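Structure first, then comments.
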2 protein chains.
Amino acid sequence: MDYEILRNVGTIARALDSISNIEFKDIALEKGQYLYISRIFENPGITQKQLSNLLCVDKTTTNRAISRLIEKKLVIKRDDENNKKNKLLWVSEEGSRLYDILHRESDYSTQVALEGLNQDEIIKMTRLLAKMTKNVVNDWSEVKKGHKRIY
Amino acid sequence: MDYEILRNVGTIARALDSISNIEFKDIALEKGQYLYISRIFENPGITQKQLSNLLCVDKTTTNRAISRLIEKKLVIKRDDENNKKNKLLWVSEEGSRLYDILHRESDYSTQVALEGLNQDEIIKMTRLLAKMTKNVVNDWSEVKKGHKRIY
DNA sequence: CACTTATAGTTGTAATTGCAACCATTTATC
DNA sequence: GATAAATGGTTGCAATTACAACTATAAGTG
C-alpha cells in the first residue's frame, strides 16, 4: 500500500540524520547543528523564523540551536537596520570551513542513497519529492498555527 | 543538483513527524511514541533491538520509549521462553484502539503528500524509495557499529 | 493618530534522544 | 566444556527538542 512511501521517507531521514550526527562529532558538532550551518551558509542573512520554516522545526528549537552556534563562534548574528525585530544570521569563517565538510558528507550520502537508480529515475524522483515537500510543508504550517485536520 | 533529494526527504520527514506529534497529543501520546505503537502492532512479538533497526533509532531511545509505553499500559512486555535475553513486545487492547487513529492519520497524510501525483508516479516512487531505504539503512547499520565512512 | 493584532525573538519547564558504560544471557572458539 | 566474544537489554548522564508564556517591535484598522 501507499503508506510505505511515508514510512520509508521517515526511515531514510532518521538514518541519515543519525549518520550525520555521529560523523560530525569529529568536528565537534552536536545533534542537529549541521542543519543550521548548511542553511545559513547557503542563505546568508536569513532570520531564525525563515530558518525554522525552511527546516520545519519549531522556532524555539532554532533559537536554542543558533544560540549555541553563536557561543561556539560558528555563526554570527547582526541586527537588521530596516527592522529591529529581525536578527540576521551569517556563518563565521570557521563555520564556512565546516560547511565544506558538511557538503562533502551530503554528497557522499546522496551517492549511497541513489545507488542503483538511473539518471531518469533520479530526475523523476527529484521532481516528485519537490512536489511532495510543497504539499506537506503546507499542512505543517497550518497545523503549527493551530489548524485541526479532519480525517 | 541531486542533493535536493535528501534535503527534501528530511524536510518531509520532520514536517510529518511534527504534525503527528501535535495531533496525537489529543490521545495523550508524547513525542515519537506513535512510531513504536504502529510498528509493534504490525509486528507482534517484536524485540526492542528489531524495533530499533526497523526505525533506525538508537536502542536506548527505544528502551526509554517502550518503558514509558508500558507504564501507560499501551504496550505489554513478555519474556521469550526460548531465549531469556529477549523481551517480546505486544500492543495492549487500549494500544490497539489507538492504532486505528494512527493508521487513519497516516493515510490522510499520505493522501496530502501525494496530491498531484498520478498512479504511475506513485508506483515508481514506492519502488525507488524502497531501494533508497535499503541503501541508506545499510550504511546506518555500519556507522552505528563504528565503521568510518571515507569521503 | 490611537490601539489592536500580528510577528520575531526569547526564556521556563518538561520531555525525548542518544552515547558510554554496564549486566545478563547466548553464541563462538579453543 | 571452559572461556572469550557477541548480543539484547538497562541505567547515568548531558544534550537537544518543543510547548507555554512572555517581551519588543511592526503592521493593520477604526
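The model shown is predicted, which means the values in this text are computed figures rather than measured ones. Just the heavy atoms: all of them, side chains too, but no hydrogens, waters or symmetry mates, feed the values below. Throughout, a chain's letter reflects where its sequence line sits, starting with A, and its residues are numbered from 1.
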For the side chain of R64(A) and the base of dG12(C), is some donor closer than 3.5 Å to an acceptor across the two?
yes
What string of B, S and - do you get for nucleotides 1-6 of chain D, 5' to 3', if B is base contact, S is sugar-phosphate-only contact and - is no contact with any protein heavy atom under 4.0 Å?
------
Check every strand shown and say whether [X] touches a base, only sugar-phosphate, or nothing at a heavy-atom separation below 4.0 Å.
X	value
K145(A)	nothing
S18(A)	nothing
N21(A)	nothing
K59(A)	base
S67(B)	nothing
N86(B)	sugar-phosphate

What orientation do H103(A) and Y3(B) show, parallel under 30°, tilted 30 to 60°, or perpendicular over 60°?
perpendicular
Let's see if you can work this out: which of dT26(C), dC19(C), dG9(C) has an atom nearest to the side-chain heavy atoms of K25(A)?
dC19(C)
Check for me, please, whether L74(A) and V57(A) land in the same ILVMFWY cluster - side-chain distances under 4.5 Å, paths through other members count.
yes
Comparing nearest nucleotides in DNA chain C, the 5'-proximal residue of the pair D58(B), E30(B) is E30(B)
Go nucleotide by nucleotide along DNA chain C from the 5' end; which of T60(A) and K84(B) gets its closest nucleotide reached first?
T60(A)
Heavy-atom check, side chain of I37(A) versus side chain of L29(A), under 4.5 Å
yes
Can any side-chain N or O of S52(A) pair as donor or acceptor with the backbone N or O of T62(A) at less than 3.5 Å?
no
Are S106(A) and R7(B) close enough that a side-chain donor and a side-chain acceptor fall under 3.5 Å?
no
Quiz question: by atom type and distance under 3.5 Å, do the side chains of E23(A) and Y34(A) form a donor-acceptor pair?
no
